[in-house]
Amino acid sequence: MDFIDALAGWMTTQRWYAGKGHQPRLRILDAQPGPADSMRYLVMDDAGTLPTLYHVPLVLAGSDDVADVVDSGEGRAYVDAARQHDFAVGSLAEMGVDVHRVTGSRVLTGEQSNTSIVFEERGEPTIILKLFRTLHHGENPDVTVQRALSAAGSPYIPRFFGSQDASWPDVGRESGSAQGTLGFVQEFLPGVRDGWDIALEAARDGRDFTESARDLAIAVAGVHGALSVTLDTTHADPEVVAAIGSAWRRRLRIAASEVPAVADRVEAIDAVYRAALDDPWPQLQRIHGDLHLGQVLAVPGRGWRLVDFEGEPLRPMAERALPDLPLRDVAGMLRSFDYAGAVGGGADGAAWAAACQETFIDAYATAAGSADLDGTLLRALVLDKAVYESIYEARNRPDWLAVPLAGIDTALTFRNAS
Ligand SMILES: Nc1ncnc2c1ncn2[C@@H]1O[C@H](COP(=O)(O)OP(=O)(O)O)[C@@H](O)[C@H]1O
Ligand SMILES: O=P(O)(O)O[C@H]1O[C@H](CO)[C@@H](O[C@H]2O[C@H](CO)[C@@H](O)[C@H](O)[C@H]2O)[C@H](O)[C@H]1O
């Protein structure tokens with residue numbers, strides 16, 4: 001088997017491989033020397049509807065009797081460099097971190113669309129490096145937003161330590177090359193649990209979660225307030241509003257073509273979009289962009305922290321870096337309570353979710369930093385999120401498709417009643 005076939009075979013087994021549902025068609029766009037004798041392969045997959053560029057650092061091991069093998073032969077093997085301590089520490093140093101106190105490293109396991117490595121200093125986990133696996137031209141929003149929040153002293157995110165960019169050939173650009181983010185480093189928060197885990201347990205047991213929902217709303221509003229003063233904002237000119245409206249409708253068309261139940265509701269959903277597009281809009285600003293309970297971490301004794309500001313994975317990267325409506329994040333959290341209520345399997349999941357949603361909205365409205373809560377706009381954004389989720393679930397977790405579909409019906413019923 002040649003190298004490219006072996007690479008394709010290995011990549012499809014990785015959680016971060018985004019091309020689920022098709023056979024990869026790979027070509028190596030570039031190979032750049034990395035730390036600890038590694039080679040960063042920048043690998044284009046042309047098989048999907050849009051080409052995807054993957055970041056695949058590999059290192060040659062002297063024996064083929066090793067773990068994480070990508071390709072092997074003649075007693076040697078290419079292995080995943082991300083799982084090699086020397087590569088990990090070398091990358092950390094390249095991102096500007098003093099590595100003298102680092103005593104160990106390990107790759108985080110779990111449902112991750114990137115690869116995160118946790119480092120110990122004197123035996124204690126203190127640093128986390130997130131290696132982006134898909135690369136895009138332009139700085140990754142995760143870096144732009146977390147660096148700005150950290151510099152502003154926001155208490156609602158982990159502290160930002162550094163990042164690293166790379167350039168690669170791109171015949172589609174006038175300059176002939178593209179530049180984007182390979183990864184970044186931040187403070188590791190020990191002993192955290194993510195909000196999804198905690199909420200699901202509470203929903204299952206029918207335990208009140210409104211106090212946590214209130215604290216979450218305060219954290220989200222605090223992040224919005226800090227971002228509205230630290231990064232660019234845009235006036236919602238008619239062209240900007242029209243562009244966001246087109247993105248809603250583009251998404252609705254994709255969902256309608258993949259999910260019959262959405263196709264049946266296109267007109268009703270579009271009526272809500274029309275009303276929202278006719279409303280006066282607030283100033284647009286940077287936001288989280290894919291906020292849900294899985295993106296918030298509870299730090300023992302210190303409250304909530306938001307992570308993963310990369311935006312929705314199904315959205316084009318250029319769109320994710322634009323100023324947007326803070327209510328998009330509010331809508332994301334409201335939908336997430338709905339998910340936890342539905343998936344938790346408690347006696348009255350719907351009532352559990354409704355109590356969290358009500359508390360979250362009330363607390364957000366009065367918290368420092370919050371944006372104006374326009375009901376029509378919020379309803380459109382809740383629908384847009386549920387439409388996005390219907391595509392996400394149809395493609396990744398068909399068993400859960402009923403959750404966003406029920407969310408769409410609730411949002412439409414609410415509109416008819418008002
Ligand atoms: N600063 C941090 N401290 C502790 N754990 C973290 C930190 N950042 C991320 N994590 C853990 O890693 C998981 C995945 O992080 P995330 O940024 O969402 O990665 P991805 O974009 O690959 O999904 C989080 O759900 C959390 O469990
Ligand atoms: O991979 P990411 O965490 O960036 O986000 C994607 O996957 C999420 C699923 O894990 C998806 O979130 C949806 O499911 C959550 C429960 O697993 C739920 O809390 C969210 O409300 C729901 O949107 C997210 O939309 C997707 O972008």
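We count ligands from 1, going down the list as the structure has it; atoms in each ligand are counted the same way.
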**Asked** Under 3.5 Å, N or O to N or O, is Val192 touching ligand 1 that way?
**Response** no
**Message:** Once you restrict to heavy atoms under 4.0 Å, what part of Glu187 touches ligand 1? Side chain, backbone, both or neither.
**Reply:** backbone
**Asked** Which option out of Asp197, Asp194, Leu297, Asn114 puts a heavy atom nearest to atom 24 (C) of ligand 1?
**Response** Leu297
**Asked** At the 4.0 Å heavy-atom cut-off, does Arg397 count as touching ligand 2?
**Response** yes
**Asked** Would you say Trp304's side chain and Tyr156's backbone share a donor-acceptor pair under 3.5 angstrom?
**Response** no
**Message:** Please identify which of these residues, Arg397, Arg335, Arg395, meets the salt bridge (charged side-chain N to carboxylate O under 4.0 Å, His left out) condition with Glu389.
**Reply:** Arg335
**Non-hydrogen atom of Met333 closer than 4.0 Å to ligand 2** = no
**Fill in**
If you compare Asp308, Thr126, Ile157, Leu131 by their heavy atoms, the one closest to atom 18 (O) of ligand 1 turns out to be Asp308
**Message:** Side chain, backbone, both or neither: which applies to Leu189 and ligand 1 if a contact is any heavy-atom pair less than 4.0 Å apart?
**Reply:** both
**Asked** Which part of Leu108 is near ligand 1, with near meaning a heavy atom under 4.0 Å away: side chain, backbone, both or neither?
**Response** side chain
**Prompt:** With only distance considered, is Ser113 within less than 3.5 Å of ligand 1 through an N or O on each side?
**Reply:** yes
**Asked** Should the ring pair Trp352 and Phe337 be called parallel, tilted or perpendicular, given that the plane angle runs from 0 to 90° and is split at 30 and 60?
**Response** perpendicular
**Message:** Any nitrogen or oxygen of Ser116 lying under 3.5 Å from a nitrogen or oxygen in ligand 1? Just yes or no.
**Reply:** no
**Item:** salt bridge (charged side-chain N to carboxylate O under 4.0 Å, His left out), paired with Asp290, selected from Arg315, Arg328, Lys385, Arg320
**Value:** Lys385
